[in-house]
J.: 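Okay, here's the structure, questions in a sec.
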Amino acid sequence: MQDYAGIVGVDGLVLTGNELELTDAEVAAGETYASKLARLVLPAMQQGAVLTMSCHMPNFAEVAERPKVNGAYDYTGYSPNHTGGNVVSRILPGGDLHDVYTGYLDLVADFLGRMQAADVPVIFRPFHENNGSWFWWGAAYCTPSEYKNLFRSTVEYLRDEKGLHNLLYAYSPNGPIKDAADYAERYPGDAFIDITGFDLYHRDPQKDDMWMKGFDATMDVVDQFAEAHGKLAAVTEAGILVGNTGGALAKTGNQRPDWFNEALKTITPHKMAYFLTWANFNEDNFDQPYLVTAKRGHEMANEFIDFYNAPSSIFAKQMPELASITTNIVPAMSSYGYLTAPGATARVLAPMTITARVAGEEKTAQFVLKKKDGTTFATIPAARKGDALTGEITADALVAAGQTVGTIALELDGKMADSVMVLFNMPEPPKDPALVDDFESYYGDGGLLKAAYSTNCGTGCSVEPLLSAKHAGGETGLDFHYTITKDGYGGIVKNLGGVDWSPYDAVQFWVMPDGKGQKLICQLNANGEDFEVDLTDVAQQTAPQLVTLPFSLFRGKNGGTFDKSAVQHFAIYCNTIGDAGVDSHIYFDDIRAVKK
């Protein structure tokens with residue numbers, strides 16, 4: 001019996017020829033990637049499946065440098081993991097790469113428009129796993145306000161410029177999710193999101209590991225967030241990852257052969273609308289067990305058949321007739337507003353214009369400026385022209401602010417619509433290309449430190465960068481506070497923006513280890529590849545020391561060669577060694593590139 005999944009996923013890579021080919025006959029007949037993809041997915045939709053689309057978007061800074069093809073930008077290839085170029089800030093409205101980005105969205109809109117013409121709704125899920133550091137839209141490479149405004153402007157472009165009204169928008173940061181505040185950090189807002197989801201993969205499963213417990217805890221958080229915001233919840237990506245080869249399931253030797261039924265049992269008590277696994281590309285890269293013949297297949301095929309037959313799993317043939325379901329239709333939010341300048345962690349050093357976008361018919365609009373202690377030092381009336389709001393920060397307001405971390409909030413009809421953290425009268429220290437961090441530029445504010453670093457953790461784990469009185473020089477250092485469980489990990493990542501370290505041949509830092517002997521990793525990223533040095537021997541000690549790591553010691557996860565002329569990020573990770581969890585602190589200071 002042939003059946004389709006209840007939820008069918010496609011990716012924007014298909015629209016640039018990365019995961020789909022056109023034959024010569026199809027090209028001659030006028031077929032495009034968009035029309036072919038539409039033709040391929042419609043049978044599943046007609047059988048009852050729901051369609052979702054993600055987008056592994058190319059690095060638009062690299063696209064802009066390529067020669068155009070027949071007058072159009074060339075979006076081919078795979079480069080979402082190329083994190084250089086400050087892409088997010090440059091593709092926002094007004095940025096120098098905005099037309100490169102909207103040209104790509106036009107390709108996406110071509111396919112989505114075909115679905116609209118066929119009366120097919122689509123769950124559109126751009127900029128997924130945004131709290132990680134592996135895509136150019138990740139937390140290490142853009143501020144929260146930049147990410148939110150990119151998502152917002154994308155919705156507005158597809159809805160208002162391209163006339164697409166068959167889309168449900170999904171927000172899907174990477175799990176594990178600690179709490180609602182963690183989940184909401186880059187949430188674009190209720191006016192722009194329909195489905196609150198998350199992605200979470202089970203890396204190198206072991207028979208007795210605790211991954212399902214962490215999976216369950218993350219669903220608790222997302223369940224509650226969805227309920228509070230009136231949204232649907234979903235597991236927007238999940239599955240198994242074995243090793244670092246890019247594949248998912250192993251051909252043989254899988255330690256959790258009944259993984260799909262375990263996941264189903266864990267998901268069922270929650271209010272997740274669906275869970276999506278990734279694709280089967282070939283015999284070396286696949287996410288679902290497969291059959292070769294009716295009697296021969298992958299070693300997990302029998303368990304997957306049990307999963308298919310389970311009463312609580314629904315595939316396309318078991319889907320209800322969605323068009324006949326009676327629902328309570330709630331109109332989309334027609335009134336909203338958000339700040340467009342300044343962005344999060346911007347330094348406000350001189351009089352400037354605050355700008356915002358707004359929809360709806362508000363009676364009053366104003367910008368409220370507060371100090372770190374919450375006291376209001378300026379309330380600025382907002383002037384509206386079309387869908388834009390503006391207000392002026394005066395010299396007198398800056399005098400009233402003093403030197404402080406503070407906030408700028410947009411209030412519509414007395415209610416806060418958006419807010420960003422900014423730095424009033426706090427100049428940026430001189431640039432030093434060799435310096436990763438000496439932890440002296442945060443003015444003693446832990447919130448600024450956390451804004452400068454993104455985190456990446458395994459299920460049940462957490463990591464928190466804190467300012468510390470334990471340091472090598474100056475007044476402060478870094479407290480790397482990590483909590484890791486069996487088979488877990490936690491790390492912090494700082495964006496270096498493609499800095500040129502050609503004059504140097506090593507990275508150096510002061511460290512006070514904790515003696516716990518966990519697997520301590522120093523990581524650099526260049527050209528989309530992570531390069532690492534194992535410092536477990538250092539983690540076994542407790543004495544403060546200066547560590548110097550020649551670039552020649554760093555090994556690429558994909559076997560590449562480290563390019564010191566364009567270093568994208570620096571990271572510290574700690575992985576669990578042994579069965580016991582660890583909650584501890586390691587202290588760092590004066591992290592920089594050096595010439596030995």
J.: Is there a donor-acceptor pair closer than 3.5 Å between any side-chain N or O of Gln116 and the backbone N or O of Gly163?
T.: yes
J.: Applying ring pair (Phe, Tyr, Trp, His ring centres under 6.0 Å), can you list everything that pairs with Phe124, at least two apart in sequence or on another chain?
T.: none
J.: Indicate every side-chain donor-acceptor pair of residues 446-463 with a distance under 3.5 Å to a residue at least two apart or in another chain.
T.:
unit_1: Lys450; atom_1: NZ; unit_2: Glu464; atom_2: OE2; d: 2.6
unit_1: Tyr453; atom_1: OH; unit_2: Asp437; atom_2: OD2; d: 2.7
unit_1: Asn456; atom_1: ND2; unit_2: Tyr573; atom_2: OH; d: 3.1

J.: Using only heavy-atom distances, determine whether the side chains of Thr375 and Asp373 contain a donor-acceptor pair under 3.5 Å.
T.: yes
J.: Would you please indicate yes or no on a ring centroid separation below 6.0 angstrom for Trp136 and Phe60?
T.: yes
J.: With side chain to side chain contact (heavy atoms under 4.5 Å, CB included) as the criterion, how do Asn495 and Phe570 come out once you've worked through the C-alpha distance, each side chain's angles and the decisive distance to 0.1 Å?
T.: CA-CA 7 Å; Asn495 177 22; Phe570 171 90; over 6 Å; no
J.: For the atom pair CD1 (Ile91) and CG (Leu150), what is the distance rounded to the nearest 0.5 Å?
T.: 4.5 Å
J.: Without swapping roles, check the side chain of Arg384 against the backbone of Gly386 for a donor-acceptor pair under 3.5 Å.
T.: yes
J.: Without swapping roles, check the side chain of Asp223 against the backbone of Lys271 for a donor-acceptor pair under 3.5 Å.
T.: yes
J.: Do any side-chain atoms of residues 226-236 form donor-acceptor pairs under 3.5 angstrom with protein atoms, and if so which ones, sequence neighbours left out?
T.:
unit_1: His229; atom_1: ND1; unit_2: Asp190; atom_2: OD1; d: 2.9
unit_1: His229; atom_1: ND1; unit_2: Asp190; atom_2: OD2; d: 3.2
unit_1: Lys231; atom_1: NZ; unit_2: Asp190; atom_2: O; d: 2.8
unit_1: Lys231; atom_1: NZ; unit_2: Ile193; atom_2: O; d: 2.7
unit_1: Thr236; atom_1: OG1; unit_2: Phe198; atom_2: N; d: 3.1
unit_1: Thr236; atom_1: OG1; unit_2: Phe198; atom_2: O; d: 2.8
unit_1: Thr236; atom_1: OG1; unit_2: Asp199; atom_2: OD1; d: 2.7

J.: How long is the span from the CD atom in Glu161 to the CG atom in Leu158, to the nearest 0.5 Å?
T.: 10.0 Å
J.: Keeping the roles fixed (side chain from Ser468, backbone from Lys470), state whether a donor-acceptor pair exists under 3.5 Å.
T.: yes
J.: Please enumerate all residues that pass side-chain hydrogen bond (donor to acceptor under 3.5 Å, both in side chains) together with Glu428, with sequence neighbours excluded.
T.: Lys431
J.: Got a sec, which residues hit side-chain hydrogen bond (donor to acceptor under 3.5 Å, both in side chains) with His56, two or more places apart in sequence or on another chain?
T.: Asp11, His128
J.: Is the distance from the ring center of Trp211 to that of Phe215 below 6.0 Å?
T.: yes
J.: Under a 3.5 Å distance rule, please check whether Thr483 uses its side chain to pair with a backbone N or O of Asp583 as donor and acceptor.
T.: no
J.: May I ask you to decide if the ring planes of Tyr75 and Tyr73 are parallel, tilted or perpendicular, using 30° and 60° as cut-offs?
T.: tilted
J.: I need the Asp110 CG to Lys162 NZ distance, nearest 0.5 Å.
T.: 8.5 Å
J.: For Tyr336, check ring pair (Phe, Tyr, Trp, His ring centres under 6.0 Å) against everything at least two apart and list the hits.
T.: Phe192
J.: Is any side-chain heavy atom of Glu156 closer than 4.5 Å to a side-chain heavy atom of Arg357?
T.: yes
J.: Any side-chain hydrogen bond (donor to acceptor under 3.5 Å, both in side chains) involving residues 401-414? Give me the pairs, sequence neighbours left out, ordered by first then second residue.
T.: Gln366-Glu411
J.: Let me confirm one number: the OG-CG distance from Ser419 to Leu410, rounded to the nearest 0.5 Å.
T.: 9.5 Å
J.: Asn131 and Tyr183: side-chain donor and acceptor closer than 3.5 Å?
T.: no
J.: Show every side-chain hydrogen bond (donor to acceptor under 3.5 Å, both in side chains) that has at least one partner inside residues 167-176, sequence neighbours left out.
T.: Arg125-Ser172
J.: Taking atom types as modelled, is there a side-chain donor on Thr390 or Thr355 under 3.5 Å from an acceptor on the other?
T.: no
J.: Can any side-chain N or O of Glu129 pair as donor or acceptor with the backbone N or O of Gly138 at less than 3.5 Å?
T.: no
J.: Please confirm whether the backbone N or O of Glu62 pairs with a side-chain atom of Asn59, one donor and one acceptor, at under 3.5 Å?
T.: yes
J.: Backbone N or O of His82 within a donor-acceptor pair of the Ser79 side chain at under 3.5 Å?
T.: no
J.: Which value, rounded to the nearest 0.5 Å, describes the distance between Ile393 atom CD1 and Leu398 atom CG?
T.: 6.5 Å
J.: Using a 3.5 Å distance criterion without hydrogens, assess whether the side chain of Thr218 forms a donor-acceptor pair with backbone atoms of Ile177.
T.: yes
J.: Treating Arg90 as the side-chain partner and Gly85 as the backbone partner, does any N or O pair qualify as donor plus acceptor under 3.5 Å?
T.: yes
J.: How would you list, by chain and number, every residue that makes a side-chain hydrogen bond (donor to acceptor under 3.5 Å, both in side chains) with Thr268, sequence neighbours excluded?
T.: none
J.: For Lys178, does the NZ atom have more than 12 heavy-atom neighbours from other residues, nucleotides or ligands under 6.0 Å away?
T.: no
J.: Do you see a donor-acceptor pair shorter than 3.5 Å between the side chains of Tyr141 and His569?
T.: yes
J.: Kindly write out the residues that satisfy ring pair (Phe, Tyr, Trp, His ring centres under 6.0 Å) with His471, not counting sequence neighbours, or none if the list is empty.
T.: none
J.: For His98, which residues count as a ring pair (Phe, Tyr, Trp, His ring centres under 6.0 Å) partner, sequence neighbours excluded?
T.: none
J.: How would you list, by chain and number, every residue that makes a side-chain hydrogen bond (donor to acceptor under 3.5 Å, both in side chains) with Tyr147, sequence neighbours excluded?
T.: Asn130
